2 protein chains.
Amino acid sequence: MKDNLDVECENVHSFIQDTLYVVNGKWKLVILSILVNKGTRRFGELSRESGISPRILSRELHELEMNQLISRRVCNTKPVTVEYSSTEYAETLKEVIGAMIRWGQNHRKKIKGQ
Amino acid sequence: MKDNLDVECENVHSFIQDTLYVVNGKWKLVILSILVNKGTRRFGELSRESGISPRILSRELHELEMNQLISRRVCNTKPVTVEYSSTEYAETLKEVIGAMIRWGQNHRKKIKGQ
DNA sequence: GTAACTACTTACCACTTTGTAACTGGTTAC
DNA sequence: GTAACCAGTTACAAAGTGGTAAGTAGTTAC
């Protein structure tokens, strides 16, 4: 038996790899952090807000949708708009996203201080 | 003012990017999860345990050392061995690593169940 | 001296990921 | 018709990432 405050698994690193397989790349967690923390966005809004080019954004959104982390809704507006939202399942990533945001904030402070 | 249970920042995603900049790629979090959760390892041990080739492992360890997340110690053993350990600063990543491990475990369950 | 073990490093190649720019197709406003 | 806006897609190029195999260098065992 191990310390049950720690994760109890022989191959802890394989679970890390499973997670990375789903949220790999430079952008997926960035997109999810926006949709999860700030809510629904349209395609163009997401592109401008995150700085991701349409080509990449389109592909990342497809992959996130395939993994059931976001949902896509076409709206009958004047020019057709498309809304992307995080799903319930994406909410389970909140812990990961939150931890990374906090670490990033702290790390920036640390770097500035040096 | 925002809900202070959430992260309060306009550009939440920039902090995610800061974090990803440090722990980018396929392997850095895998290496850190081993060193943080399971303790000091030698070069060869790390390579075998994680399945990372010497070339990549060497480069990743350099980068982690530059970011002060791991420390390197040369030991005066029969053939010289080198020990890598996580630093105090790497402990601050425990929240991120733990969250990713738990999500990976849960995700694997979910996928299996489908 | 030769083989074996440690910890890397180098050369080379392949695949993946990302980016830029331009273009498609549909609708609305003038 | 022309311009403008939306949501993408396509073509192409550049950069990043990863892998294999072999080599270096130091020490030990035979």
Side-chain angles (χ1 to χ4, degrees), chain A residues 13-14 16-35 39-67 69-86 100, chain B residues 13-14 16-35 39-67 69-86 100:
Chain A
H13 62 274
S14 66
I16 293 274
Q17 290 179 299
D18 290 347
T19 301
L20 288 176
Y21 184 76
V22 176
V23 295
N24 58 9
K26 206 173 162 179
W27 296 118
K28 288 199 188 68
L29 282 170
V30 171
I31 295 168
L32 285 170
S33 75
I34 293 175
L35 296 181
T40 297
R41 289 286 188 279
R42 296 202 324 242
F43 185 87
E45 289 175 331
L46 260 183
S47 180
R48 281 186 295 277
E49 192 167 341
S50 61
I52 312 178
S53 67
R55 192 183 88 92
I56 305 298
L57 182 56
S58 174
R59 199 197 51 201
E60 301 286 30
L61 290 172
H62 275 303
E63 291 179 21
L64 288 170
E65 207 188 345
M66 285 200 319
N67 281 314
L69 292 170
I70 62 169
S71 62
R72 182 180 183 274
R73 194 169 76 88
V74 180
C75 309
N76 288 328
T77 45
K78 321 102 184 223
V80 169
T81 55
V82 180
E83 282 181 2
Y84 291 93
S85 313
S86 58
M100 291 189 77
Chain B
H13 61 276
S14 66
I16 293 273
Q17 289 178 300
D18 290 347
T19 301
L20 289 176
Y21 184 77
V22 176
V23 295
N24 58 10
K26 205 172 161 179
W27 297 118
K28 290 200 186 67
L29 281 170
V30 171
I31 295 168
L32 285 170
S33 74
I34 294 175
L35 296 181
T40 298
R41 289 287 187 280
R42 296 202 324 240
F43 185 88
E45 288 174 332
L46 260 183
S47 181
R48 281 186 296 275
E49 192 168 341
S50 61
I52 312 176
S53 67
R55 191 183 86 94
I56 305 296
L57 183 56
S58 175
R59 200 195 51 198
E60 300 286 343
L61 289 172
H62 276 302
E63 291 179 20
L64 288 170
E65 206 187 347
M66 285 200 320
N67 282 313
L69 291 170
I70 62 169
S71 62
R72 182 179 183 274
R73 196 169 75 88
V74 180
C75 309
N76 289 328
T77 45
K78 323 96 182 227
V80 168
T81 55
V82 181
E83 281 180 2
Y84 292 93
S85 314
S86 58
M100 291 189 76

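So that the names make sense, note that chain A is the first sequence line, chain B the second, and so on, each numbered from 1. Note that the structure is predicted; figures quoted are calculated from it, not measured.
- With respect to A:Tyr84, the side chain to side chain contact (heavy atoms under 4.5 Å, CB included) criterion is satisfied by exactly one of A:Arg42, A:Arg73, A:Arg72: A:Arg72.
- Rounded to an integer number of Å, the gap from A:Arg41 CZ to D:dC6 C1' is 17 Å.
- Atom C1' of nucleotide D:dG26 and atom CG of B:Asn76 are separated by 13 Å, given to the nearest angstrom.
- Of all heavy-atom pairs spanning A:Thr77 and A:Thr81, the tightest one is OG1-OG1, 2.9 Å.
- Which of C:dC8, C:dT18, D:dA7 sits closest to the side chain of B:Ser58 comes down to C:dC8.
- To the nearest angstrom, P of D:dT17 lies 17 Å from CD of A:Gln17.
- Atom NE2 in B:His13 sits 12.0 Å away from atom CG in A:Leu35 (nearest 0.5 Å).
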Filtered N/O pairs between nucleotides 22-30 of chain C and protein, under 3.5 Å:
| residue | atom | partner | partner atom | Å |
| --- | --- | --- | --- | --- |
| C:dT27 | O3' | A:Lys78 | O | 3.2 |

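- Rounded to an integer number of Å, the gap from CG of B:Asn24 to C1' of C:dT18 is 14 Å.
- Counting non-hydrogen atoms under 4.0 angstrom, B:Glu60 reaches the backbone sugars and phosphates but no base.
- Within 4.0 Å (heavy atoms only), B:Thr81 reaches sugar-phosphate atoms of the nucleic acid but no base atom.
- Listed nucleotides C:dA7, C:dT18, D:dG19 differ in distance to B:Lys26; the shortest reach to its side chain belongs to D:dG19.
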query: Which is it for A:Tyr21 and B:Lys26 under the side chain to side chain contact (heavy atoms under 4.5 Å, CB included) test, yes or no, and what are the steps along the way?
result: CA-CA 9 Å; A:Tyr21 184 76; B:Lys26 205 172 161 179; over 6 Å; no
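- Atom CD1 of A:Ile56 and atom P of D:dG8 are 15 Å apart (whole Å).
- Residue contacts shown for A:Arg59 include a base, since a base heavy atom lies under 4.0 Å away.
- Between C:dC8, D:dG19, C:dG19, one nucleotide has an atom nearer to the side chain of B:Val82 than all others, and that is C:dC8.
- Which of C:dT20, D:dG19, C:dC8 sits closest to the side chain of B:Arg72 comes down to C:dC8.
- Contact annotation for B:Glu83: no contact, since no heavy-atom pair falls under 4.0 Å across all strands.
- Side-chain proximity of B:Ser53 to the nucleotides C:dT20, D:dT20, D:dG8 is greatest for D:dT20.
- Summarising the geometry, atom CD belonging to A:Glu65 is positioned 10.5 Å from atom CG belonging to A:Asn67; distances are rounded to the nearest 0.5 Å.
- One can place CH2 of A:Trp27 at 9 Å from C1' of C:dT18, the figure rounded to the nearest angstrom.
- For B:Leu46 and C:dT6, the CG to P distance is 14 Å, given to the nearest whole Å.
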Ignoring hydrogens and angles, write down the donor-acceptor pairs under 3.5 Å from the side chains of residues 50-59 of chain B, residues two or more places apart or on other chains.
| residue | atom | partner | partner atom | Å |
| --- | --- | --- | --- | --- |
| B:Ser50 | OG | B:Leu46 | O | 2.6 |
| B:Ser50 | OG | B:Ile52 | N | 3.4 |

task: Decide side chain to side chain contact (heavy atoms under 4.5 Å, CB included) for A:Ile31 and A:Arg41; before the verdict, give the C-alpha distance in whole Å, the side-chain angles of both, and the deciding distance to 0.1 Å.
output: CA-CA 10 Å; A:Ile31 295 168; A:Arg41 289 286 188 279; over 6 Å; no
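- Across D:dG18, D:dG8, D:dT10, the shortest atom-to-atom separation from the side chain of A:Arg55 is found for D:dT10.
- How far NZ of A:Lys28 is from CG of A:Leu61: 10.0 Å, rounded to the nearest 0.5 Å.
- D:dG18 atom C1' lies 12 Å from atom NZ of B:Lys28, rounded to whole Å.
- Considering only side-chain N and O atoms, B:His62 lies nowhere under 4.0 angstrom from the phosphate OP1 or OP2 of C:dC8.
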